Amino acid sequence: MLKRTLYCGEISEDHLGKEVSLCGWVHRVRNHGGVVFVDLRDREGIVQCVVEERINPEAYELADSLRSEYVVAIRGTVRRRPQGTENPRLKTGNFEVVIDRIELLNSSEALPFPVDEETPVSEEIKLNHRYLDLRRESMRENILFRHKAYQVIRRVFLRHGFVEVETPFLTKSTPEGARDFLVPSRLHPGKFYALPQSPQLFKQILMVAGFDRYFQIVKCLRDEDLRADRQPEFTQVDFELSFVDEEDVIAFSEELICDLFKELLGLELKRPFDRLSYGEVMERYGSDKPDRRFGLELIDLSHVFKDTQFRVFREALENNGAVKAINFKGSNLSRKEIDELTQFVQTLGAKGLAWIKVEADGKLNSPIVKFFTERETKELLKTMDAKAGDVLFFSADSKDMVYKILGNLRLHIGKKYGLIDQSKFDLLWVVDFPLVEWDEEEKRFVSLHHPFTSPREEDIPLIEEALKVESLEEKKKLLHSVRARAYDLVINGYEVGGGSIRIHRRDLQELIFKLLEIGKVEAEEKFGFLLRALQFGAPPHGGLAFGLDRLIAIMRGLDSIRDVIAFPKTQKGICPLTGAPDYVEPKQLKDVHIKVVE
RNA sequence: GGAGCCGUAGUUCAGCCCGGUCAGAACGCCGGCCUGUCAAGCCGGAGGGCGCGGGUUCAAGUCCCGUCGGCUCCGCCA
């Protein structure tokens, strides 16, 4: 067999006149009668190979019989293409390989879909034949890009003295957080391991153990429903440092992100990244992960309607809710377009969508202005800076609902009407998260981040006070102002990283468990190992984890993380390639003491 | 758990609203021609019965119900 001397995509000026041997896949064959062009492809790119019948009849005949995705080795001589026949779309487009010999290494069936960028192919078919999909240039580049990212990331960590440590995959199920994937134990009937949602507790233990700086590029598993940016198994760039505060973690994170953007995209990001508080981003964007590449900010109207007779607005304000609006400036939306947006917000649980359109003559076209006083209307238009052609959309409801409706509507409009500058990267730290929020379903407070996140020192008395008061409203009020020492990195409206300074004192950790109504017995049972560790000289520590899949997808301008994962799952959590999940043999079930009930 | 869009040749789609030459196009595939193309070109050919199951009807890709699958979103995701 001919042995490769270089990759197809590497052919350049340097190889002119030299004999080369290439191994790869037949991308395309063009036979012009007497001369055949074979585009040969490998992971580095494509190069055109050529053979003429009258010069090399044997190779010509074989070349003529080649079909897409046949595997061949080709020996030949590199030459400059005849003038006027260069192909600027190929990296190797100024050169071609004059075929001396072709070895057919394997043939291929007719393809289920073309290995090119032109034809859109359904996700199902692509994943079914992922090996073919991955041969496509864009997918190959996504995977190679990701590979390069690993290298940059490791280099940055090593530069800063981080130690790479692996943590267990067979671990313990913990309450709080996402649903666990469970693994039945054969040796311990009725007991289960859980696959880790993240190495959170292990990395904290490593800090207690004195490793000082830890990192790991690691799979995390959560048994929750999928989204374009969520897979049941995904990769975190996880790290933790001792003897640090927020600023250290943030500064290091920025360096890591900057190095990635610089080395992989050639972009110099401006440092420090912007920071906004959780409260501010919720007020302005209705989201804790805002995309700031376009406007349409939420504007508060409670002062305008504080005494309004319009029932919908009045009730919202009376019930401690909010009245807010966004102004889609100069959009001149038609009634049909407004109806479409109304339908959209209804899928989010809105009853309807109040709107005002400012017509060209300045008249207001709206189903609701008739309920406003003259003063309200005037102040409203002023607050919203409403001009001819503008369309205003309102939401009046509980604060959570207003944020949800207008935040999602804002994004929907931004995408639908092309308001987003796709060439930009918007990097933002969201800080000052509340430590906990009330969970109406569970009727208790739950961590916004996770139960190991430290509250601000000065806010701890508020927690103690809240635990003493009886009234729930009073509790909520007190706890609302307890801030977590947490920080999220948001890029283009995606949460790509999150972390916090952790609790390193047992008494404080116990206080938080108490706040979260995790009883002493349960805390001991589930987190006893952590509590004990905190008693034996736990250093102050904190860290962060980046969602690598999301980060790579954003850097590559992709909408779905499936495109940066070699073997992703479909929305129903199925791997079409292997057919997982699947039934197993009764013997296997018996071994692990599992009986399946319908 | 819920909502929306989609499912027709190997692939991407049109046809569905207004049931009755509606089973089509392009690419791919097969055969032939062609010495400079590069998503080659030209000529010819094969290939599906419309995801699956019911129902309505004289008649169903076309209407109705159910179901499965893909995608997007809500819930969920400490």
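Bear in mind that the values here come from a model prediction, so they are computed numbers and not experimental data.
Each of A:Phe452 and A:Gly573 lies near RNA chain B, and the nucleotide nearest A:Gly573 is the one positioned closer to the 5' end. Between A:Lys572 and A:Arg222, the residue anchored closer to the 5' end of RNA chain B is A:Lys572, taking for each the nucleotide with the nearest heavy atom.
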Could you list all N or O pairs between the protein and nucleotides 42-51 of chain B that sit under 3.5 Å apart?
none

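For A:Glu522, the side-chain contact (heavy atoms from CB on, under 4.5 Å) criterion is met by A:Pro175, A:Ile518, A:Lys526, not counting sequence neighbours. With sequence neighbours excluded, the residues forming a ring pair (Phe, Tyr, Trp, His ring centres under 6.0 Å) with A:Phe328 are A:Tyr417, listed by chain and number. A search for salt bridge (Lys or Arg N to Asp or Glu O under 4.0 Å) contacts involving A:Glu13 returns A:Arg80, not counting sequence neighbours. Under the rule for a side-chain contact (heavy atoms from CB on, under 4.5 Å), the partners of A:Met139 that lie at least two apart in sequence or sit in another chain are A:Arg130, A:Asp133, A:Leu134, A:Arg136, A:Asn142, A:Asp563. Every side-chain contact (heavy atoms from CB on, under 4.5 Å) that A:His32 has, sequence neighbours left out, goes to A:Arg30, A:Val35, A:Phe37. Checked against side-chain contact (heavy atoms from CB on, under 4.5 Å), A:Thr235 has the following partners two or more places apart in sequence or in another chain: A:Arg146, A:Ile217, A:Lys219, A:Leu548, A:Asp549.
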B/S/- along nucleotides 24-33 of chain B (protein heavy atoms under 4.0 Å) is ------SS--
Under a 4.0 Å heavy-atom criterion, the protein footprint on nucleotides 3-9 of chain B, written with B, S and -, is S------
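In this structure, A:Arg30 reaches the B:A40 phosphate: one of its side-chain N or O atoms is under 4.0 Å from OP1 or OP2.
Of the nucleotides present, none pairs with B:C18 by Watson-Crick or G-U wobble criteria with both distances under 3.5 Å. Shown here, B:G69 forms a base pair with B:C6; the pair counts as Watson-Crick or G-U wobble because both key distances fall under 3.5 Å.
The nearest whole Å value for the distance from the CG atom in A:Asp439 to the P atom in B:C76 is 8 Å.
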Using residues 118-125 of chain A as the side-chain source, report each donor-acceptor pair under 3.5 Å to any protein atom, sequence neighbours left out, with the distance given to one decimal.
{"unit_1": "A:Ser122", "atom_1": "OG", "unit_2": "A:Ile125", "atom_2": "N", "d": "3.4"}
{"unit_1": "A:Glu123", "atom_1": "OE2", "unit_2": "A:Arg562", "atom_2": "NE", "d": "2.7"}

Only distances under 3.5 Å count here; give the side-chain donor-acceptor pairs of residues 192-200 of chain A to other protein atoms, sequence neighbours excluded, each with its distance to 0.1 Å.
{"unit_1": "A:Gln197", "atom_1": "OE1", "unit_2": "A:Ala178", "atom_2": "N", "d": "3.2"}
{"unit_1": "A:Gln197", "atom_1": "NE2", "unit_2": "A:Ala178", "atom_2": "O", "d": "2.7"}
{"unit_1": "A:Gln197", "atom_1": "NE2", "unit_2": "A:Asp180", "atom_2": "OD1", "d": "2.6"}
{"unit_1": "A:Ser198", "atom_1": "OG", "unit_2": "A:Gln200", "atom_2": "N", "d": "3.1"}
{"unit_1": "A:Gln200", "atom_1": "OE1", "unit_2": "A:His450", "atom_2": "NE2", "d": "3.4"}
{"unit_1": "A:Gln200", "atom_1": "NE2", "unit_2": "A:Gln204", "atom_2": "OE1", "d": "2.8"}
{"unit_1": "A:Gln200", "atom_1": "NE2", "unit_2": "A:His450", "atom_2": "NE2", "d": "3.4"}

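Below the 3.5 angstrom threshold, one finds a donor paired with an acceptor across the side chain of A:Arg230 and the base of B:C76.
Residue pairs meeting the salt bridge (Lys or Arg N to Asp or Glu O under 4.0 Å) criterion with at least one partner in residues 399-419 of chain A, sequence neighbours excluded, are A:Glu340-A:Lys416.
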